[in-house]
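Quick caveat: nothing in here was measured; it's all calculated off a predicted structure. By convention here, the first residue in the shown sequence is residue 1.
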Amino acid sequence: MKNLLTPFVLFLFLSLIDAESFGQSVMIVEKPKTEDVKIIPIEHATAVLEWNEITIYIDPVGGKKAFEGQKLPDLILITDIHGDHFSLETIQELDTHKAKIMVPQAVADKMPQEFTPQIDVLHNGDSKERYGITVEAIPMYNLRQEALKFHTKGRGNGYVLDMEGQRLYFSGDTEDIPEMRALKNIDKAFVCMNLPYTMNVYSAADAVLEFQPKEIYPYHYRGRPNVSDVKMFKTIVNNGNPNIEVVQLDWYPNDEF
């Protein structure tokens with residue numbers, strides 16, 4: 001009898017454990033959602049991004065005063081050597097002691113040796129990961145014969161930032177080049193449009209309609225002498241694809257346009 005009861009008792013004990021386990025609620029731990037990117041326009045081509053407690057400066061110019069109230073940068077991206085994208089005086093005035101600075105070689109050549117430990121040089125096609133953000137250098141250059149003198153291929157960088165699946169594109173100074181048109185899975189695109197230096201709103205809209213970002217931010221649209229018609233740009237984009245959201249931020253807070 002003893003030998004018969006022992007397996008029965010063991011079976012009963014295990015059954016009670018299983019029953020208790022099934023009666024308990026199961027806690028499901030969800031993976032935290034990736035934070036959206038906060039975009040702070042400063043002026044023209046200059047912006048501040050905040051994401052997951054990381055602060056990124058894009059083409060910081062305008063001196064320390066332009067960044068009053070902003071968090072210190074963890075990452076700085078500079079697209080080209082022109083004064084509306086690269087200001088050594090601004091870099092020197094800002095507190096950049098904790099920042100990595102990603103630049104094309106042409107910009108690195110103009111940086112004093114004191115910044116060398118902070119600099120990552122990216123050539124067109126290169127990529128680098130910092131702070132969980134993968135930055136890819138995209139070509140930026142002119143196509144029109146009369147504008148080739150402004151931006152030669154290989155000198156400057158546009159950038160694609162991949163932030164845990166969110167992909168942001170900053171065009172830098174460029175026309176509607178094949179490399180822009182070939183972009184994939186862009187969530188937020190910042191595209192320039194100012195003559196005579198880059199392209200008109202029609203070329204910019206045509207490129208946007210080809211690579212189809214989820215959101216498009218017209219920026220860098222003050223030209224010489226005219227300011228580009230960003231309302232016309234929006235109309236062209238939305239007529240071609242109403243699913244692309246055109247987001248207009250104030251890139252010129254000191255001007256009426």
Determine, stepwise, if the pair Lys38 / Ile40 fulfils side-chain contact (heavy atoms from CB on, under 4.5 Å). CA-CA 7 Å; Lys38 181 180 180 181; Ile40 305 168; 4.0 Å; yes
Return yes if some donor-acceptor pair links the side-chain N/O of [X] with the main-chain N/O of [Y] below 3.5 Å, else return no.
X      : Y      : value
Thr235 : Lys231 : yes
Thr174 : Tyr141 : yes
Asn200 : Met193 : no

If you take all heavy atoms of [X] and [Y], which pair is closest and at what distance?
X      : Y      : answer
Pro196 : Arg144 : O-NH2, 2.8 Å
Met199 : Asp176 : SD-N, 3.3 Å
Thr79  : Pro104 : O-CG, 3.5 Å
Ala137 : Leu122 : CB-CB, 3.9 Å
Leu183 : Val160 : CD2-CG2, 4.0 Å
His44  : Tyr219 : O-CD1, 3.5 Å

Hydrophobic clustering (ILVMFWY, side-chain heavy atoms < 4.5 Å, transitive) - are [Y] and [X] grouped together?
X      : Y      : result
Leu72  : Met102 : no
Leu77  : Val121 : no
Leu88  : Ile101 : yes
Ile78  : Leu75  : no
Ile138 : Val37  : yes

Test log, rule salt bridge (charged side-chain N to carboxylate O under 4.0 Å, His left out), inputs Glu136 and Arg167: CA-CA 10 Å; Glu136 181 183 358; Arg167 288 168 53 80; 5.2 Å; no
Between Tyr169 and Phe211, how do the two ring planes meet: parallel, tilted or perpendicular, split at 30° and 60°? perpendicular
Spatial distance of atom [atom1] ([X]) from atom [atom2] ([Y]) [nearest 0.5 Å]:
X      : Y      : atom1 : atom2 : result
Ile177 : Met140 : CD1   : CE    : 8.5 Å
Lys71  : Glu53  : NZ    : CD    : 7.5 Å
Thr46  : His220 : OG1   : NE2   : 9.0 Å
Phe190 : Ile39  : CZ    : CD1   : 3.5 Å
His123 : Asn157 : NE2   : CG    : 9.0 Å
Ser203 : Met180 : OG    : CE    : 10.0 Å

How about CD on Glu129, more than 12 heavy atoms from neighbouring residues, nucleotides or ligands closer than 6.0 Å, or not? yes
Under 6.0 Å from the CD atom of Glu114, do we count more than 12 heavy atoms belonging to anything else shown?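 Yes, because the 6.0 Å sphere around CD of Glu114 holds more than 12 heavy atoms from other groups.
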Among all residues two or more places apart in sequence or in another chain, which pass the ring pair (Phe, Tyr, Trp, His ring centres under 6.0 Å) test with Tyr221?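 Applying ring pair (Phe, Tyr, Trp, His ring centres under 6.0 Å) to Tyr221 gives Tyr252.
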Report the residue from [options] that forms a side-chain contact (heavy atoms from CB on, under 4.5 Å) with [X].
X      : options                        : value
Asp162 : Leu168, Thr134, Ile133, Asp187 : Thr134
Ile56  : Arg130, Glu50, Met163          : Met163
Val191 : Ile216, Val237, Thr198         : Ile216
Tyr217 : Val247, Val230, Val246         : Val247

Could you pull out all residues at least two apart from Asp206 that satisfy side-chain hydrogen bond (donor to acceptor under 3.5 Å, both in side chains)?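 For Asp206, the residues satisfying side-chain hydrogen bond (donor to acceptor under 3.5 Å, both in side chains) (neighbours in sequence not counted) are Arg181.
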Got [X] and [Y] here, is their nearest side-chain heavy-atom distance under 4.5 Å?
X      : Y      : result
Ile76  : Leu94  : no
Gln248 : Lys234 : no
Trp51  : Glu164 : yes
Leu161 : Leu49  : yes
Asn52  : Tyr131 : no
Asp74  : Lys98  : yes
Thr96  : Tyr57  : no
Asp255 : Glu43  : yes

Just do the salt bridge (charged side-chain N to carboxylate O under 4.0 Å, His left out) check on Arg222 and Asp84 with the steps written out, would you? CA-CA 11 Å; Arg222 179 180 56 206; Asp84 55 340; over 6 Å; no
Tell me whether the centres of the aromatic rings in Tyr159 and Phe170 are closer together than 6.0 Å.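 Centroid separation for Tyr159 and Phe170: 6.0 Å or greater.
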Below 3.5 Å, can you tabulate the donor-acceptor pairs from side chains in residues 147-156 to any protein atom, sequence neighbours excluded?
unit_1: His151; atom_1: ND1; unit_2: Asn142; atom_2: OD1; d: 2.8
unit_1: His151; atom_1: ND1; unit_2: Tyr197; atom_2: O; d: 3.4
unit_1: His151; atom_1: NE2; unit_2: His82; atom_2: ND1; d: 3.4
unit_1: His151; atom_1: NE2; unit_2: Asp173; atom_2: OD2; d: 2.8
unit_1: Lys153; atom_1: NZ; unit_2: Glu179; atom_2: OE2; d: 3.4
unit_1: Arg155; atom_1: NE; unit_2: Asp80; atom_2: OD1; d: 3.0
unit_1: Arg155; atom_1: NH2; unit_2: Asp80; atom_2: OD2; d: 2.7
unit_1: Arg155; atom_1: NH2; unit_2: Phe150; atom_2: O; d: 2.9

